[in-house]
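What follows is a single structure, written as structure tokens, with notes after it.
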Amino acid sequence: METILNYLGYFFVSIGAVFLVLGAFGILRMPDFYTRIQAGTKSSTLGAMSFIFGVGLLEPAWFIKTLVIVVFIAISNPISSHALARGAYKSHHQPYLKDGVDAYKEVENQKEVKL
Amino acid sequence: MNDVFFIVIMSMLVLAGVIAAIRFVKGPTAADRVVAMDNISVIIIATLVFVAYFFQRYIYIDVSLVYAVLGFIGILTIARYLEGGI
Amino acid sequence: MSTFAFIFLLFSVTILIIAAFFAAFKKDLLQAVIATSIISLSLAVIFYILQAPDVALTEAAIGVALSTIVFVLTIRNTKRMEE
Amino acid sequence: MENVSKISRLVYTWVVLFALWMAFTTSLALDEVLVGLAISFVVAAMTFSYFTQIGLKAFSPKKIMYQIQYLIIFIVALVKANFHVAKIVLTPSLPINPGIVEFETKLNSDIAKMILANSITLTPGTFTVDVIENRFYVHWLEVETEDSEKVYKAIAESFEKILLKIYE
Amino acid sequence: MRKLIIAALLIVVAYVLIDAFAEFQFGAERQGIKDYFLEHTPTDLQVANSVTAIIVSYRGFDTLGEVTVLFLAATGISTILYRRRSKHTGLNPLRKSPEASLIVKAAVKLLFPMILILGAYVFVHGHLTPGGGFQGGAIIATGFLLLLISYRQFKVEHSVVMWVESLAGIFFVTIGIFGIIYGPNANFLENFLPVGNLNELMSGGVIGLVYVAVGFKVAAELTGVLDTLVNIRETGDNKETKE
């Protein structure tokens, strides 16, 4: 039992570390702010969650507290990224569009006319 | 096993931190730098938990708990400033 | 403390120094504030590895959120670009 | 949404906060439990009016089943999203075609919208930029369609079905 | 030219620092005071965290001084900024600034009670875990900050803040005076309660009580400062008049 938990723990920690590296790589490679924040948020959230969960499995007495950290990260990380993206759009960061659409632009323009 | 594991994982965390730091130095606008900072702070939360495991000190976990809860408030503040909210 | 922890410590100090230069020489004060919070993050890691969790916790509670907001509010009340 | 009695919401908040306190202390000593009960009661009395809308009903077996189901769907989507991002990042040509699309949701409660937005942020290729009333504006890495009905089907339907059952 | 002078000055400073620290051995034993504390805190006071014992028990009077300094700083900030604020009561530009998104607001509703619980946990367990009154108070103030930045209509009642702060201060001093009355050596802030057992919540004598007082006081002070800072814009004498 002990060894199975240990191996699971090693597995989760390694997966988490790999995704943390990939997330950092993502924010380095992506072309603009919005795509960067997409890559960064997804990978770093799953990476940190799996990493900390893995440490909880390695040390079963810590499991509950690590679970609390995991839950907090799962709530707070997407929120801060969302707020940041919204703030960046409102401070006139144009998204990089290859041939895509920008449905949010109309809302922003309307608002400026109204004021 | 344990020592090798520690070194390998810590090297990966350092690598992730370095890559995010490159984005921090390069990032043309303030928002890009905040994204890099967000990423670095998540990496640091993971590092703190792992170092606590390495030292085998249960009470050290509290620090990373506080980081996980408060880390996003600073980013939220900057985001609110960017959108002209506060 | 193992050798590797020492190397990690040196690495954190390097990031701290880079961020400090950034904070000192950047004309955009908002980016300087972001650099300041990176300083406080790496400082907390340094305290933590030197086994001073009390100080690291204080740094976390003050440096990450409170000092950032005070700086940001100050920038809001003055101006963002340095001349 | 029907009204839920204050007592039920207060007790729900108290239970959740006390569980959180116990998770922080991870000890069953009598003094910890008593202090925790007192502190979580004070905080719950201060904040229950906005902490929860549905009160103790969240603990009914049916809703707990739905919550577990939601969690499983969410975790599967999260893992998929990460492999998706990893694939994009590791491809040298960066195969992306980003854009911002919109769709409408049927959810009413703010917290349900928040959970839906978080889930969208963490699932493959999508990212919530803003929510106005009940319109979601979503940044999509590979835009397939602009039609809001199709967007809704592609992005949000699987999550929203369960959230409607939990929060209505 | 100016840069040259700065560089020369920096070299001088670096030389002085290197000279000063060349003989200095980091971590070396200087006065033997470290061993005293490490030996005596677990047995004298039954406190798991020696740093806390030094701050609150052996050097309790210093802590009272620090809290007073913080109080003076908070009062000073409020005094300076409050005068400005009452000058232009007519305009309220803060009401026009864009609201936070619905998602942030919902998340704040969910997270605020949890942050309060975390802060309470940190300052109640000051003598068992890292942290203490100051950190716990800062965490609680951060929770209020979250409300302040995401809800435009949220207002901190300054009278409540003042009352909490004063009561916490009075409580702190009262504990000190009780030390004079009931303590074995009749000193200010001396421990007069049973010390309990190591690693239990009810250990360390007065340390827990002092930390509760410090926690409330710091939380109230920082919340007041932040509220004042956030609301300066209501005066309208910064951005609006400059641009």
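Just so it is clear, the structure is predicted and the values come from calculations on it, not from any experiment. Labels below follow one simple rule: chain letters A, B, ... track the order of the sequence lines, proteins then strands, and each chain is numbered from 1.
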- Task: Have a look at T126(D) and tell me which of V138(D), V151(D), T121(D) forms a side chain to side chain contact (heavy atoms under 4.5 Å, CB included) with it.
- Result: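 When V138(D), V151(D), T121(D) are each tested with T126(D), the side chain to side chain contact (heavy atoms under 4.5 Å, CB included) holds only for V138(D).
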Contact part of [X] toward chain D, heavy-atom cut-off under 4.5 Å: side chain, backbone, both or neither?
X      : value
A74(A) : backbone
Y34(A) : both
S81(A) : both
F25(A) : both

Segment of [X] engaging chain A (4.5 angstrom heavy-atom cut-off):
X       : result
S119(D) : neither
I96(D)  : both
M22(D)  : neither

- Query: Most heavy-atom pairs under 4.5 angstrom with chain A, which of V89(D), V85(D), T26(D), N82(D)?
  - Reply: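 Of V89(D), V85(D), T26(D), N82(D), N82(D) has the most heavy-atom pairs under 4.5 Å with chain A.
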- If we only count heavy atoms from C-beta on, is the L37(D) to W14(D) side-chain gap below 4.5 Å?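 They are in side-chain contact.
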- Message: With a 4.5 Å cut-off on side-chain heavy atoms, are W140(D) and F127(D) touching?
- Response: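 They are not in contact (no side-chain heavy atoms under 4.5 Å apart), so the answer is no.
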- When you check the side-chain N and O atoms of K165(D) and Y70(D), is any donor under 3.5 Å from an acceptor?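 Their side chains do not contain a donor-acceptor pair, so the 3.5 Å distance test is not met.
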Neighbour count above 12 (heavy atom, 6.0 Å) for [X] [atom1]:
X       : atom1 : value
L94(D)  : CG    : yes
E149(D) : CD    : no
F83(D)  : CZ    : no

Would you mind telling me which of [options] has the largest number of heavy-atom pairs within less than 4.5 Å of chain D?
options                        : result
T45(A), V68(A), I37(A), L67(A) : I37(A)
I75(A), L46(A), I64(A), N77(A) : L46(A)
R29(A), K65(A), M30(A)         : R29(A)
H82(A), M49(A), Q38(A)         : Q38(A)

- Message: Determine whether the aromatic ring centres of residues F103(D) and Y137(D) are separated by less than 6.0 angstrom.
- Response: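 No - the distance between ring centres of Y137(D) and F103(D) does not fall below the 6.0 Å cut-off.
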